[in-house]
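Residue indices begin at 1 and follow the sequence shown.
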Amino acid sequence: MATVELRFSAQPEHVRTARLVAAAVARRAGVDEAVLDEVRLAVGEACSRAVGLHRSNHVASPIRVMLTEEEKTFSIEVGDEVPGAGVAAADAAGVPGSRSAAPVEEFDDAEGEDEMGLAVITGLVDDVEVSAGESGGVIRMTWPTNPAAVLP
């Protein structure tokens, strides 16, 4: 099991770097080439969501991205450190709800953007888990790998 850990400050310009690293590690792990664009987009959405949560809640700690290669799967976990009571119940479309991201007067559409980001991620990735608790939230995304396609 190989793992790459990435931590970056909650700045939007770092999301692109996280996307590029995730795609490179996914390719190396044996994720199908046709799926790499989905990996990039899903990681971009998850990281953008985490950056938004950190910035709107004035959290100074870094965003965590864990890229893990297992025997037949490749997973990415994007974690934030914004405390929350948990993930709200799924809406009518089956998309997990968001935590209260910020005071309404400060960020009018923060919750709508959060839910839209989760909808995009669940549309791109078949195996997604969204969780949140007192120490923050995590989006875990998993893709199958093809061991024969692993690069040297």
Single-linkage hydrophobic cluster, 4.5 Å side-chain cutoff, V25 and M66 together: no
side-chain contact (heavy atoms from CB on, under 4.5 Å) evaluation trace for L67 with T3: CA-CA 6 Å; L67 306 116; T3 301; over 6 Å; no
Side chain to side chain, V35 and W143, heavy atoms closer than 4.5 Å: yes
Cationic N near anionic O, under 4.0 Å, E5 to R7: yes
Spacing of F8 atom CZ and E13 atom CD [to the nearest 0.5 Å]: 10.0 Å
D127, CG atom: more than 12 neighbouring heavy atoms under 6.0 Å: yes
side-chain contact (heavy atoms from CB on, under 4.5 Å) between R64 and E81, intermediate numbers included: CA-CA 9 Å; R64 298 175 323 277; E81 293 190 16; 3.3 Å; yes
Sidechain N-carboxylate O distance under 4.0 Å for E69, R28: no
Check: R40 side chain, L20 main-chain N or O, donor-acceptor pair, under 3.5 Å: no
Distance-minimising heavy-atom pair for A42 and I121: O-CG1, 3.9 Å
Side-chain heavy-atom pair H54, S9 within 4.5 angstrom cut-off: no
E33 with R27: basic N within carboxylate O range, under 4.0 Å: yes
Reported CZ-to-CG distance for the pair F74 and D32, which is rounded to 0.5 angstrom: 13.5 Å
L124 CG to E45 CD distance, which is reported to the nearest 0.5 Å: 7.5 Å
Approximate separation, where rounding is to 0.5 Å, of S48 OG and R19 CZ: 8.5 Å
Nearest heavy-atom neighbours spanning S75 and T142: CB-OG1, 3.7 Å
Side-chain (D80) to main-chain (V82) donor-acceptor, under 3.5 angstrom: yes
Least distance between heavy atoms, A18 atom then L6 atom: CA-CD2, 3.7 Å
Beyond-backbone contact of V78 with I63, side-chain heavy atoms, under 4.5 angstrom: yes
Evaluation steps, side-chain contact (heavy atoms from CB on, under 4.5 Å), between I139 and V128: CA-CA 7 Å; I139 297 176; V128 180; 4.2 Å; yes
Minimal non-hydrogen separation, A22 against V39, with atom names: O-CG1, 4.3 Å
side-chain contact (heavy atoms from CB on, under 4.5 Å) assessment of E70 paired with T68: CA-CA 6 Å; E70 297 175 1; T68 306; 4.0 Å; yes
Hydrophobic cluster identity match, V4 and L36, side-chain contacts under 4.5 Å: yes
Shortest non-hydrogen contact between A46 and M141, atoms and distance: CB-CE, 4.1 Å
Min side-chain heavy-atom separation Q11-R55 under 4.5 Å: yes
Least distance between heavy atoms, C47 atom then V65 atom: SG-CG2, 3.9 Å
